[in-house]
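In what follows, residues are counted from 1 in the order of the sequence shown. The shown structure was predicted, so the numbers you read here are calculated from the model rather than taken from an experiment.
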Amino acid sequence: MHLPIYLLPVAGLVIGLLISLMGGGGGVFYVGMLTGLFAVSMDQAVSVSLATIIPTTLAASISHYRAGNVKPKTGFLLVAGGIIGVVAGSYLVTIIPIKVLKIIFGIFLLVMGTGMVISRKKKQGKEEISENRQLEEPNNESKPISKLLIVKGLVFGLLGGLMSGMLGASGTPPILAGLYSMGLSSLEVVGTSVMVLFFIAITGVLTHSAFGTLNWLLVILLASGTITGAILGPLLGKRINKKALEKFYGPFFIVFIILMAISMFF
């Protein structure tokens with residue numbers, strides 16, 4: 001039994017709230033929901049997903065920027081790598097079987113999730129020091145970015161773009177992992193990630209538009225809910241205790257990465 005399409009705005013609202021509070025573009029959620037709950041074909045689901053990510057991440061980016069959660073200098077490093085990755089991924093998908101691509105990304109995500117567990121344990125003993133530094137130095141964007149951070153930004157952006165280009169997803173896991181590893185706070189990771197994924201989504205729509213039919217009715221219905229959720233999310237985020245969010249966000253992100261990795265093998 002499948003749900004009627006007029007319920008798409010409700011489903012979109014839930015996903016929009018999740019995206020704006022936890023970061024990401026929601027591509028994986030959109031594709032799974034459209035195919036599993038609303039019986040939309042895979043090619044249409046991918047096209048609708050990529051198109052819906054654009055207004056959703058744009059709305060969330062504006063809200064988070066106004067809330068001071070976006071780090072543009074850091075984010076545009078990942079955008080540069082992401083655009084290259086989307087173009088390259090769109091080409092690779094024409095010559096590499098999709099099953100092989102999913103296995104490759106599954107292995108990558110497992111390695112990334114393991115690394116996150118290790119880095120989180122090391123970080124726990126330094127959380128108080130990090131918080132004090134953030135209070136003393138609120139203007140991190142004015143400082144020059146090190147070569148290591150530049151490399152990290154480009155590499156993780158490239159991986160996010162490749163995932164989008166090859167799998168039709170938003171490339172959320174590598175983007176979140178990259179920003180997290182670059183020392184941003186949870187709210188900064190969330191805010192900056194939606195900005196990065198906005199640009200990746202635009203590139204993804206352009207490169208994927210020739211491969212599937214774009215159903216604009218589905219886009220409008222889904223986007224109406226996700227945009228509303230993306231706007232409300234940051235407002236709700238202001239009411240959430242930041243320390244509590246930090247404690248919840250890390251484990252949630254690690255579990256999300258591992259579940260994503262497992263899904264790639266099926």
Identify whether [X] and [Y] are in the same connected component of the hydrophobic contact network (ILVMFWY, side-chain heavy atoms under 4.5 Å).
X	Y	answer
Phe198	Ile62	yes
Leu148	Met182	no
Leu37	Ile220	no
Val48	Val14	no
Leu184	Phe76	yes

Under a 4.5 Å cut-off applied to non-hydrogen side-chain atoms, are [X] and [Y] in contact?
X	Y	result
Ile84	Val87	no
Tyr30	Ile15	yes
Tyr65	Met195	no
Phe38	Leu222	no
Leu8	Met33	yes
Val190	Asn69	no

- Item | Distance-minimising heavy-atom pair for Val70 and Ser61 | CG2-O, 3.9 Å

- Which of these, Ile200, Leu162, Leu158, sits in a side-chain contact (heavy atoms from CB on, under 4.5 Å) with Val86? Ile200

- Which of Leu197, Ile54, Ile53 passes side-chain contact (heavy atoms from CB on, under 4.5 Å) with Ile202? Answer is Ile54

- Query: So, the side chain of Lys152 versus the backbone of Ser181: is there a donor-acceptor pair under 3.5 Å, distance only?
  - Reply: yes

- Taking atom CG of Leu218 and atom CD1 of Ile5, what is their separation to the nearest 0.5 Å? 6.0 Å

